[in-house]
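A short worksheet on the structure shown next.
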Amino acid sequence: MSQQTITPRNRNHSQWYHDVIQSAGLADYSPVRGCMVIRPEGYAIWESIQRQLDKRIKRLGHVNAYFPMLIPQSFLTKEAEHVEGFAMECAVVTHSKLEKDSGNQLQPAGPLEEPMVIRPTSETMINHMFSQWVQSYRDLPILMNQWCNVMRWEMRTRLFLRTSEFLWQEGHTVHETEEEAEQETLRMLDTYAEFCEKVLAVPVIKGRKTNKEKFAGAVHTYSIEALLQDGKALQAGTSHFLGQNFSKGFDIQYLSREQKLEHAWTTSWGVSTRLIGALIMTHSDDQGLVLPPAVAPQLIAIVPILNKKQDDTEVRNTINQLLSNLLPKDAIKIESAHNDDIEKYIIDENTNQQIVVDYRKHRPGDKRYYWEKRGIPLRIEIGPREVESRSCMVKRRCDDTRATMQIDDLTPDWLQDQTNTIYNLMFEKAQQFTQQNTRTANSYEQLKQLLEEDAGLVRCYFEPNDEIEKIIQEETKAAVRNIPFDQTDDLGTCIYTGNPTTTQVYFALAY
RNA sequence: CGGGGUGUAGCUCAGCUUGGCAGAGCGCCUGGUUUGGGACCAGGAGGCCGUAGGUUCAAAUCCUAUCACCCCGACCA
């Protein structure tokens, strides 16, 4: 079962990324250009993200609902900037059936009276519905979320980071006042940041998008930006304050406390399967995927070292003793439909996280690599040598450390402790990387020079301006990622215009 | 939509210039020897050579058309 090797990062970074995904079995290309198949290993990560983020969203009072995938084309045009932003990447449904022509070839037939657009996002549909549901201030706020797929006909795609169809969550809210909507926007950005850092161990920079980079139709957009291993930045999540743009376009009016008809204030916010791309690009190494414990489908892979010549009863007995210590009382053994010789134990039914024992008849080395490239946080090895001493070898994926442990010491508490340690190691490493690859520029020349020398984030004083940002992007390929929240009040000079300004921004190449 | 390139086994590709039995490596299956960091040997399965037409005794190879995909630009969570 020896497998293809993973291309080292320094040789070809995008090939490495592709190899990691393939070897971990996360996703595959599909016959449809730009659309990926998310395989079980990858989908388990998405389910974990969903579960843990959904919990946070609901805690804040939002409720889940589902809206149609098809949107009447006319809806798109109701908010001028919005249609401008998405028109170029909409898949359009124009017919309702297929019929055979004279050559017996199938042809689209039954043209629709009005073409439908496959949602690139659901602002239009959801706000249309909101307009029917909102009558008075008593109906507000509406805090709603949906988990769904969306489609944007992308020119260039990469697995997880940019695909034409992707899975996401889109929250949409309606508020009485501007302040309340603004607060909601920030509250969700905070939720995303906390989630990325605490669950995915991906450090992010919170900030506001410039006018040029904001969401089409938003008054302003906030983002969290992650710096990936190759020095490019990734917008990992966005939260939009939509002002009254959509409430005016879709006529969301309510009777206020003052008996006046007012337009409501709306927000929207989302994160997508792109987070899995961020996860891969933040933590993985030349050996393959590295997963933070919170989203790893399996926390521990136990690899018995078996030798056909010897009786393996003792090894199996020792592993069973280890399991009886390590598994929580309510662990559940998975019934396997086909006998693949991997025993799987669910240790937490809420998260579906598992501990597995790999009894397959492969060489030990093969099995080690198998679990390593899948990013499983911990591996435990037990062979004839360890039986006598009731010990085992514990290997940590994230920093490749190994330790000999007594099997009696491996308890649920020990696992919890390891989980915390691994999270801390991974987060600190990622944080350190971000810091080390963040530099400051005092002039446009220096910005250009820094970006040329090495990818990464460059912080500098800059007055956001559509035209200038366009020029800079043409000249450097880099764009303003965001205007970070951690501004000082110090006065500086804009690197491009030389005007005095207090605004500092991050520039970077981006996905 | 502009510029460049490629379509041959599951994957990576050779073969095409100069037409003559459809190939290699990896992966897969079977058997054996192995087994503490990616094993080895033997055997085997797997092909509309992108598609359609043409030239020819004969086409993966030459010609024409067509489709698809990839790379570089313009657009993007």
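Just so it is clear, the structure is predicted and the values come from calculations on it, not from any experiment. Per chain, numbering begins at 1; letters A, B, ... match sequence-line order.
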Worksheet item: When rounded to the nearest Å, what value does the distance between P atoms of B:C75 and B:U18 take?
Response: 44 Å
Worksheet item: Would you say A:Ile118 and A:Val93 make side-chain contact, with heavy atoms under 4.5 Å?
Response: yes
Worksheet, complete the sentence: Using Watson-Crick geometry (N1-N3 plus N6-O4 or O6-N4) or G-U wobble (N1-O2, O6-N3), each under 3.5 Å, B:A42 is paired with B:U30
Practice prompt. Using the P atoms only, state how far B:G46 lies from B:A65, rounded to an integer number of Å.
Written response: 37 Å
Item to complete: Please state how far atom NZ in A:Lys361 lies from atom C1' in B:U33, giving the value in whole angstrom units.
Response: 17 Å
Worksheet item: So, A:Arg397 and A:Asp399, do they make that salt bridge, N to O below 4.0 Å?
Response: no
Worksheet item: Which comes earlier along RNA chain B counting from the 5' end, the contact point of A:Thr157 or that of A:Trp168, where each point is its nearest nucleotide?
Response: A:Thr157
Worksheet item: Whole-Å distance between B:C76 C1' and A:Glu165 CD?
Response: 17 Å
Worksheet item: So what does A:Glu386 touch, heavy atoms closer than 4.0 Å: a base, only the sugar-phosphate, or nothing?
Response: base
Worksheet item: In whole Å, what is the span from the CD atom of A:Glu213 to the P atom of B:C76?
Response: 8 Å
Response to the item:
Here the distance between atom P of B:C76 and atom CZ of A:Phe160, to the nearest Å, is 24 Å
Item to complete: Report the nucleotide, chosen from B:G38, B:G36, B:G37, that has the shortest atom-to-atom distance to any side-chain atom of A:Pro364.
Response: B:G36
Item to complete: With P as the reference atom in both, quote the distance from B:G31 to B:C49 in angstrom, rounded to an integer.
Response: 33 Å
Practice prompt. May I ask you to check whether A:Tyr29 and A:His18 place their ring centres under 6.0 Å from each other?
Written response: yes
Item to complete: Using the C1' atoms only, state how far B:A22 lies from B:U61, rounded to an integer number of Å.
Response: 12 Å
Fill in: Distance-only side-chain donor-acceptor flag, A:Gln146 / A:Ser122, under 3.5 Å
yes
Worksheet item: What nucleic acid atoms does A:Leu161 come within less than 4.0 Å of, heavy atoms only: base, sugar-phosphate, or nothing?
Response: base
Practice prompt. Mind checking A:Arg379 for me? I need base, sugar-phosphate or nothing, with any heavy atom below 4.0 Å counting as a touch.
Written response: base
Discussion item. Students often get this wrong, so: under 4.0 angstrom with heavy atoms, is A:Lys395 touching a base, only sugar-phosphate, or nothing?
Written reply: base
Worksheet item: Who does B:A58 pair with, Watson-Crick or G-U, both distances under 3.5 Å?
Response: none
Practice prompt. Scan every strand shown for a Watson-Crick or G-U wobble partner of B:C1, both distances under 3.5 Å, and answer none if you come up empty.
Written response: B:G73
Worksheet item: When the P atoms of B:A45 and B:U30 are considered, how many whole Å apart are they?
Response: 15 Å
Practice prompt. In whole angstrom, give the distance that lies between atom CZ of A:Arg368 and atom C1' of B:G36.
Written response: 5 Å
Discussion item. Give me the distance, rounded to whole Å, that separates B:G7 from B:A60 when you measure between the P atoms they each carry.
Written reply: 16 Å
Worksheet item: Whom does B:U6 pair with, Watson-Crick or G-U wobble, provided both distances fall under 3.5 Å?
Response: B:A68
Practice prompt. Find the distance between NE2 (A:His62) and CD1 (A:Ile57) and round it off to the nearest 0.5 Å.
Written response: 7.5 Å
Discussion item. Please name the nucleotide paired to B:G36 by Watson-Crick or G-U wobble geometry with both distances under 3.5 Å, or report none.
Written reply: none
Practice prompt. With the side chain of A:Arg385 defined as its heavy atoms from C-beta on, choose the nearest nucleotide among B:C75, B:G37, B:G36.
Written response: B:G36
Response to the item:
Taken to the nearest whole Å, CZ/A:Arg158 to P/B:C72 is 10 Å
Practice prompt. Could you work out the separation of B:C13 and B:U8 based on their C1' atoms and round it to a whole Å?
Written response: 9 Å
Discussion item. Please classify the nucleic acid contact of A:Thr221 as base, sugar-phosphate, or nothing, using heavy-atom distances under 4.0 Å.
Written reply: nothing
Worksheet item: For A:His362 and B:C40, what is the distance between atoms NE2 and P respectively, to the nearest whole Å?
Response: 16 Å
Discussion item. If I take atom CG in residue A:Asp366 and atom P in nucleotide B:G37, what distance separates them, rounded to the nearest angstrom?
Written reply: 11 Å
Practice prompt. Check every strand shown and say whether A:Ser272 touches a base, only sugar-phosphate, or nothing at a heavy-atom separation below 4.0 Å.
Written response: base
Worksheet item: Does A:Arg363 place a side-chain N or O at less than 4.0 Å from the phosphate oxygens OP1/OP2 of B:A39?
Response: yes
Worksheet entry | Separation of the C1' atoms in B:G27 and B:A68, to the nearest angstrom | 25 Å
Worksheet item: Which part of the nucleic acid does A:Pro384 contact within heavy-atom distance under 4.0 Å: base, sugar-phosphate only, or nothing?
Response: base
Worksheet entry | 5′-ward residue of the pair A:Lys214/A:Gly34 relative to RNA chain B | A:Gly34
Discussion item. Can you confirm whether more than 12 heavy atoms, excluding those of A:Lys198, are under 6.0 Å from its NZ atom?
Written reply: no
Worksheet item: With both distances kept under 3.5 Å, what pairs with B:C16, Watson-Crick or G-U wobble?
Response: none
Item to complete: Could you let me know what B:G53 is paired to, Watson-Crick or G-U wobble, both distances under 3.5 Å, or none if it's on its own?
Response: B:C63
Worksheet item: So what does A:Phe166 hit on the nucleic acid, given a heavy-atom distance under 4.0 Å: a base, only sugar-phosphate, or nothing?
Response: base
Discussion item. Any side-chain N or O of A:Arg152 below 4.0 angstrom from OP1/OP2 of B:C75?
Written reply: no
Worksheet entry | A:Thr173 side chain to A:Thr267 side chain, donor-acceptor N/O pair below 3.5 angstrom | yes
Discussion item. What I want to check is whether the side chains of A:Arg208 and A:Tyr222 have a donor and an acceptor closer together than 3.5 Å.
Written reply: no
Worksheet item: Per the atom types in the model, does the base of B:G37 pair as donor or acceptor with the side chain of A:Glu381 at under 3.5 Å?
Response: no
